[in-house]
Amino acid sequence: MFSYTAFIPRVFSNIKESRIINTFDALQIGSVEHVDLVAKTSAKGESYNMAFVHFAMIYNTPAAE
């Protein structure tokens, strides 16, 4: 069994886990098991998140390749 995780270094703070999950599904990339959002603050004091996207499966589509 393989596990896939994608790292997104910077995501706006208002983007929720459900939106990330729906986007990867709508783009036919994969079925997301869960997303870990890690709150960060830039040197300028701006809030953002890092996202670790854990896939249950990757689709067999050109987009996923």
same_hphob_cluster(F12, L37) at 4.5 Å side-chain heavy-atom cutoff | yes

Say whether F24 and M50 are linked into one hydrophobic cluster, either directly or through other cluster members, by side-chain heavy-atom distances under 4.5 angstrom.
-> no

Enumerate the residue pairs fulfilling salt bridge (Lys or Arg N to Asp or Glu O under 4.0 Å) with a member in residues 41-56, sequence neighbours excluded, ordered by first and then second residue.
-> R10-E46

Donor-acceptor pairs are to be reported for all side-chain atoms of residues 53-65 against protein atoms at under 3.5 Å, with residues two or more places apart or in another chain.
unit_1	atom_1	unit_2	atom_2	d
H54	ND1	T5	OG1	3.1
H54	NE2	D36	OD2	2.8
Y59	OH	D25	OD1	2.5
T61	OG1	Q28	O	2.5
T61	OG1	A64	N	3.2

Can you give each donor-acceptor pair under 3.5 Å made by side-chain atoms of residues 13-21, sequence neighbours left out, with the distance rounded to 0.1 Å?
unit_1	atom_1	unit_2	atom_2	d
S13	OG	S47	O	3.1
S13	OG	Y48	N	3.3
E17	OE2	V35	N	3.0

